[in-house]
2 protein chains.
Amino acid sequence: MNNGRFAIALHILTLLDKANGELLSSEYLAGSININPVLVRKELINLRNHGFVQSKEGKNGGSLLAISSNDITLGEVYKSVRQASFLGHQKNTPNPKCPVGKDINEHLNSLYNDTELILIEQLSKQSLADFSKRFK
Amino acid sequence: MNNGRFAIALHILTLLDKANGELLSSEYLAGSININPVLVRKELINLRNHGFVQSKEGKNGGSLLAISSNDITLGEVYKSVRQASFLGHQKNTPNPKCPVGKDINEHLNSLYNDTELILIEQLSKQSLADFSKRFK
DNA sequence: TTCATCTGTAATTATTTTTATTACAGTACA
DNA sequence: TGTACTGTAATAAAAATAATTACAGATGAA
């Protein structure tokens, strides 16, 4: 995985699972993760778009899980935060005159895709509930 | 994976495999990858330390594979370039007063380690020779 | 023996990516 | 109608990557 967003997303979701339906504010979530509340709110947008959480605006607002933590796998969480590809999208632009350079991004991408599938499969063996259970 | 170094390392190794024992200069390698030669030389240090390549200094110097591309798996290449852990080492320092924050890095690390093992296993199914074969 | 062409490596700068901060409009409760 | 939230944009700061410059040392060849 590629980015710290996975850790943040999973942290948020774990806290929400533990909260058991109680609304948690982005300020509170940020306090546990120890990052800026705006980052949390941005990640919540994404989690909301994926149907994992619901938020309520206004006073006494906050967020909660929209579905059971049994129905969220870590693979889905991973997919929700990954951008483009796996090992970081291809950022090199190799020399097109070189027979290796010309085709390497294509071959790397197919390698990454294959590997990422295995990764997601592995992560999908575990639900958010399983992960959350580890915390007393 | 975590970093563009995997792509660079694999690109270098593929070029060296194609060169079939002929010495390739860092300048030439950098030209195909389209990155700075110093970066290539730094990556070569690492590949050398792992026994994958050999270099020769001085005029007409350069690098070549130190062992057969059949004996280098992509898993080993991955391991040679990864730093610390998988999804990027834990950089958050969550709130230790929070029961989730207190333990999350530990649980994330064990999740990452388990997942990375699967990843390496998957990559190890393919040798450098297999990868290199894909280029005409 | 000296020039040219390499590697090895350090130091510095530039670029890109990530994260934090500030600010404020809109919503909802009391 | 004030207070405590979310939503969101804009900007700044920090961290991570990559490029550049520079030069010493190795090696081969004229």
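So you know, we letter chains A, B, ... as the sequences are listed, proteins then strands, and number each from 1.
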Notebook entry, point to check: Quick one: is dC6(C) close enough that its OP1 or OP2 comes under 4.0 Å of any side-chain N or O from Ser25(B)?
Noted result: no

Item checked: Separation of dA4(D) P from Leu24(A) CG (nearest whole Å) -> 18 Å

Item checked: Phosphate-side-chain proximity, Arg41(A) and dT6(D), N/O vs OP1/OP2 below 4.0 Å -> yes

Next item on the list: Check the pair Ser127(A) / Asp130(A) against side-chain hydrogen bond (donor to acceptor under 3.5 Å, both in side chains), numbers first and verdict last.
Entry: CA-CA 5 Å; Ser127(A) 70; Asp130(A) 296 329; 3.1 Å; yes

Check: What pair of heavy atoms forms the shortest contact from Ser26(B) to Leu44(B), and how long is it?
Finding: CB-CD1, 4.5 Å

Item checked: Donor-acceptor pair, side chain of Glu76(B) and main chain of Thr73(B), under 3.5 angstrom -> yes

Note to self: Within the 4.5 Å heavy-atom criterion, are Leu108(B) and Asn105(B) side-chain neighbours or not?
What the structure shows: yes

Check: Is it true that Ile12(A) and Val38(A) fall in one hydrophobic cluster, defined by side-chain heavy atoms closer than 4.5 Å?
Finding: no

Check: To the nearest angstrom, how far is Ile8(B) atom CD1 from dA19(D) atom P?
Finding: 7 Å

Margin query: What is the separation between atom OH on Tyr28(A) and atom C1' on dA4(D), rounded to the nearest whole Å?
Written below: 18 Å

Next item on the list: Report the distance from atom OG of Ser63(A) to atom CG of Leu16(A), rounding to the nearest 0.5 Å.
Entry: 6.5 Å

Item checked: Separation of dA10(C) C1' from Leu39(B) CG (nearest whole Å) -> 14 Å

Notebook entry, point to check: From Leu119(B) CG over to Glu116(A) CD, what is the distance, rounded to the nearest 0.5 angstrom?
Noted result: 10.5 Å

Margin query: Tell me the interatomic distance from Asn36(B), atom CG, to dA18(D), atom P, rounded to whole angstroms.
Written below: 11 Å

Next item on the list: Please report, rounded to the nearest Å, how far the P atom of dT18(C) is from the CD1 atom of Ile33(A).
Entry: 18 Å

Checklist line | Under 4.0 Å protein heavy-atom contacts per nucleotide of nucleotides 25-30 of chain D, with B for base, S for backbone only and - for none | finding: -BBB--

Notebook entry, point to check: Quick one: Glu27(A) CD to dG7(D) P, roughly how many Å, whole number?
Noted result: 14 Å

Note to self: Nearest whole Å is fine: how far is dT19(C) P from Leu29(A) CG?
What the structure shows: 17 Å

Item checked: Contact list for residues 21-43 of chain B, test salt bridge (Lys or Arg N to Asp or Glu O under 4.0 Å), sequence neighbours left out -> Arg5(B)-Glu43(B)

Next item on the list: Say whether, by atom type as modelled, one donor and one acceptor occur between the side chain of Ser132(A) and the main chain of Ala129(A) under 3.5 angstrom.
Entry: no

Check: Which residues, if any, of residues 42-53 of chain B bring a heavy atom under 4.0 Å of DNA chain C?
Finding: Ile45(B), Arg48(B)

Check: OP1, OP2 of dT7(C) versus side-chain N and O of Ser26(B): anything below 4.0 Å?
Finding: yes

